[in-house]
Student: 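This is the structure I have questions about; it appears just below.
None of these values were measured; they are calculated from a predicted model. Each chain gets a letter, A, B and so on, in the order the sequences are listed, and its residues count up from 1.
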Amino acid sequence: MDDQTRMLASMAGLGGLSQADVSDPDSVRKQQSLGQPPQDIGDILQQIMAITDESLDEAQARKHALNCHRMKPALFSVLCEIKEKTVLSIRGVQEEDPPDPQIMRLDNMLLAEGVSGPEKGGGSAAAAAAAAAAGGSPNDGSIEHSDYRAKLAQIRQIYHSELEKYEQACSEFTNHVMNLLREQSRTRPISPKEIERMVAIIHRKFSSIQMQLKQSTCEAVMILRSRFLDARRKRRNFNKQATEVLNEYFYSHLSNPYPSEEAKEELAKKCAITVSQVSNWFGNKRIRYKKNIGKFQEEANLYAVKTAVDAANVSAQASQANSPATPNSGKVHRKT
DNA sequence: ATGGATGATTGCTA
DNA sequence: TAGCAATCATCCAT
């Protein structure tokens, strides 16, 4: 160990090394008190310093010669040690930084939307939710559904191809830097640990690019969602059968067109829509009927006849004629 | 392209 | 909190 200390001191004394490499004041002091270093090391260092002034070919030859020198491994490790103590300890403070909460949120969202997960995972669930929220008929719903899915798949594809590109570029660049550093480590004090750190730095930089990609993908998905899931935007008329069922109920309960919660559930089930859609429908129907009874008269008569016929059929089939629901021709009575 | 129809939303009331 | 009234946003037949 004493040998090494002396060697270290001698290197510092040669003055050609960068400040970073010899900034340990302790070693400088030691050097001053230790006297003449072995000529051997002095020579080597002189040669190293001279390389910068030489032509490339000469330098290559000198590099090779230095590489084969018997003192090289020892010198190398000492220089690495110094470097480790000075520059790298400052630069590489934040080692294993904890997973960024921002990137975790993005990852979770992309997974939930089925962008980053397996092919037919969350995406279809989200689209199904969209269809359910829209409450349209199965036919209409599936049109929107497939449209949404197609757009989502497009985003997904772009995301994955970009991600792949980034990853490829990252590994290419990392390889390049690693090769470069390995090559340089033949003449410069670069420890494997330092190379490792450099790789980590590169990965961090690339992951920030990745985060940007994730962010913009999330944005695209949000826009898509708001476009497709906004109920007003994707409003679909109920299918004919559903409208018929609702109208039948409305006109056969014209004196009191306020279905109970149970009745609403029943109607919702029959029409394949939600209870709140049934409520909306009745709310709209009541107000619009009341506003212009004349306009709805024809429709009212139609459903009155329809209901009567149905009732007649039922009573004809039944052994006894129970009192059928008599169509009401009266006004809508406000429920108070 | 347009206007009426229609489902959804909002703000309010009792 | 359900329902009303007004309004919005979209659909759809013309």
Student: Identify all side-chain donor-acceptor contacts of residues 264-271 of chain A below 3.5 Å with residues at least two apart in sequence or on another chain.
Tutor:
{"from": "A/Lys264", "atom 1": "NZ", "to": "A/Ser279", "atom 2": "OG", "distance (Å)": "3.2"}

Student: In this structure, how many angstroms lie between the P atom of B/dT10 and the CG atom of A/Asn280, rounded?
Tutor: 11 Å
Student: Taking only the side-chain nitrogens and oxygens of A/Gln277, find out if one of them lies under 4.0 Å from OP1 or OP2 of B/dA8.
Tutor: yes
Student: Hey, is CG on A/Asp57 packed in by over 12 heavy atoms from elsewhere, all under 6.0 Å?
Tutor: no
Student: For A/Asn256 and C/dA2, give me the distance from atom CG to atom C1', rounded to whole Å.
Tutor: 13 Å
Student: What is the distance, to the nearest angstrom, from the CZ atom on A/Arg286 to the C1' atom on C/dC4?
Tutor: 9 Å
Student: Ignoring hydrogens and angles, tell me if any N or O in the side chain of A/His176 forms a donor-acceptor pair with the backbone of A/Glu172 under 3.5 Å.
Tutor: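 Checked: no pair found.
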Student: Taking only the side-chain heavy atoms of A/Lys290 (C-beta and beyond), determine which of C/dG3, C/dA5, C/dA6 contains the nearest atom.
Tutor: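 The listed nucleotide nearest to A/Lys290's side chain is C/dA5.
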Student: Please tabulate, one pair per line, each protein N/O and nucleotide N/O from nucleotides 4-6 of chain B that are separated by under 3.5 Å, including the distance.
Tutor:
{"from": "B/dT6", "atom 1": "O2", "to": "A/Arg235", "atom 2": "NE", "distance (Å)": "3.4"}
{"from": "B/dT6", "atom 1": "O2", "to": "A/Arg235", "atom 2": "NH1", "distance (Å)": "2.8"}
{"from": "B/dT6", "atom 1": "O2", "to": "A/Arg235", "atom 2": "NH2", "distance (Å)": "3.1"}

Student: Applying side chain to side chain contact (heavy atoms under 4.5 Å, CB included), can you list everything that pairs with A/Lys295, at least two apart in sequence or on another chain?
Tutor: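 Listed in chain order: A/Asn292.
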Student: Report the distance from atom CD1 of A/Ile273 to atom P of B/dA8, rounded to the nearest whole Å.
Tutor: 8 Å
Student: List the residues meeting side-chain hydrogen bond (donor to acceptor under 3.5 Å, both in side chains) with A/Gln184, not counting sequence neighbours, and say none if there are none.
Tutor: A/Arg188
Student: C/dC4, OP1 or OP2 - any side-chain N/O from A/Tyr258 closer than 4.0 Å?
Tutor: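 For A/Tyr258, the contact criterion (side-chain N or O under 4.0 Å from OP1 or OP2 of C/dC4) is met.
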Student: List the atom pairs, donor and acceptor, that lie under 3.5 Å between side-chain atoms in residues 205-214 of chain A and the rest of the protein, sequence neighbours left out.
Tutor:
{"from": "A/Ser207", "atom 1": "OG", "to": "A/Arg204", "atom 2": "O", "distance (Å)": "3.0"}
{"from": "A/Ser208", "atom 1": "OG", "to": "A/Lys205", "atom 2": "O", "distance (Å)": "2.7"}
{"from": "A/Lys214", "atom 1": "NZ", "to": "A/Asp107", "atom 2": "OD1", "distance (Å)": "2.7"}

Student: Between C/dC11 atom C1' and A/Asn239 atom CG, what is the distance in whole Å?
Tutor: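 A/Asn239 atom CG is separated from C/dC11 atom C1' by 15 Å.
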Student: Rounded to whole angstroms, how far apart are OH on A/Tyr289 and P on C/dC4?
Tutor: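 Result: 14 Å.
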Student: Return the value, rounded to whole Å, for the distance between atom CD of A/Glu261 and atom P of C/dA2.
Tutor: 7 Å
Student: Quick one: salt bridge (charged side-chain N to carboxylate O under 4.0 Å, His left out) pairs with a partner in residues 159-170 of chain A, sequence neighbours left out?
Tutor: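 Only A/Glu162-A/Lys165 qualify under salt bridge (charged side-chain N to carboxylate O under 4.0 Å, His left out).
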Student: In whole angstrom, give the distance that lies between atom CG of A/Leu246 and atom C1' of B/dG7.
Tutor: 12 Å
